[in-house]
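Down below is the structure, laid out as structure tokens.
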Amino acid sequence: MADPDKIHAFAGAALVGGAMVLFGAGYAIFHALAGLSRSRRFAHISLVSYAALAACALALVPLLDLEGWWLGLIAVLLIGYFVAPRFIWRLSLAVHGEEGRPAERAARPED
């Protein structure tokens, strides 16, 4: 029979991992919405989503008894999740041009 503590830790890690995916998606989506609409509210929501993502990543450490280079991998994950939406946003602006942004088109009523 499996140890109940290990089963609870494994189930908790699965739930926390799923929450990480959702918060990571929320961070990316709200970061993009903040760029499109130039809304500070969306920017704040994206940072709150990232903070929740970071909290989930830190919660995985005791649940999975991570140590050594796994801690470095968690740090790389957090850095990657933070910078990836920013780089993707800049790449999108470079590919599509800044004048094609919906927020700028909506701001010009003469068009």
Side-chain angles (χ1 to χ4, degrees):
M1 190 84 190
D3 183 23
D5 290 335
K6 291 195 184 271
I7 292 173
H8 286 116
F10 184 75
L15 289 173
V16 169
M20 284 179 65
V21 171
L22 293 176
F23 288 129
Y27 169 61
I29 289 168
F30 284 111
H31 182 74
L33 288 173
L36 285 172
S37 66
R38 297 180 184 256
S39 169
R40 285 207 179 275
R41 184 175 180 202
F42 285 145
H44 289 306
I45 293 171
S46 74
L47 291 176
V48 168
S49 294
Y50 180 78
L53 166 75
C56 287
L58 295 176
L60 276 180
V61 173
L63 283 173
L64 297 176
D65 294 325
L66 299 178
E67 56 188 35
W69 67 276
W70 286 102
L71 296 176
L73 188 62
I74 293 287
V76 168
L77 173 135
L78 289 174
I79 293 167
Y81 262 109
F82 186 76
V83 298
R86 296 168 187 278
F87 284 136
I88 291 169
W89 179 254
R90 288 183 186 208
L91 177 65
S92 297
L93 290 180
V95 169
H96 298 291
E98 290 192 38
E99 65 185 349
R101 295 174 61 191
E104 291 176 5
R105 280 184 282 169
R108 291 185 269 156
E110 67 273 1
D111 286 345

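Atom set for the values below is all heavy atoms of this structure, side chains included, hydrogens, waters and symmetry mates excluded.
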Could you list the cluster mates of L58? Members are the ILVMFWY residues connected by side-chain heavy atoms closer than 4.5 Å, either directly or through other members. none
Any link between V48 and L22 through a network of hydrophobic side chains (Ile, Leu, Val, Met, Phe, Trp, Tyr) touching at under 4.5 Å? no
Under a 4.5 Å side-chain heavy-atom rule over Ile, Leu, Val, Met, Phe, Trp and Tyr, are V21 and L77 clustered together? no
How far apart are the closest heavy atoms of P85 and Y27, and which atoms are they? CG-CE2, 3.4 Å
Nearest heavy-atom approach of L66 to L71 is O-CD2, 3.9 Å
Checking I88 against S92 for the side-chain contact (heavy atoms from CB on, under 4.5 Å) test, could you report, in this order, the C-alpha distance in whole Å, the side-chain angles of both residues, the deciding distance, and whether it holds? CA-CA 6 Å; I88 291 169; S92 297; 4.3 Å; yes
Are W89 and L47 linked, directly or through other ILVMFWY residues, by side chains that come within less than 4.5 angstrom of each other? no
If you take all heavy atoms of S49 and F30, which pair is closest and at what distance? OG-CD1, 4.3 Å
Please confirm whether the backbone N or O of L78 pairs with a side-chain atom of Y50, one donor and one acceptor, at under 3.5 Å? yes
Taking it one step at a time, do Y81 and L53 satisfy side-chain contact (heavy atoms from CB on, under 4.5 Å)? CA-CA 9 Å; Y81 262 109; L53 166 75; 3.6 Å; yes
So for atom CZ, which belongs to R41, do other residues, nucleotides or ligands contribute more than 12 heavy atoms lying within a distance under 6.0 Å? no
According to a hydrophobic-cluster definition based on side-chain heavy atoms being under 4.5 Å apart (Ile, Leu, Val, Met, Phe, Trp, Tyr only), do L64 and V16 belong together? yes
M20 and C56 have their tightest heavy-atom pair at CG-CB, 3.3 Å
Between CZ on residue R40 and CD1 on residue I45, distance to nearest 0.5 Å: 14.0 Å
Can you hop from L63 to W69 via hydrophobic side chains spaced under 4.5 Å? yes
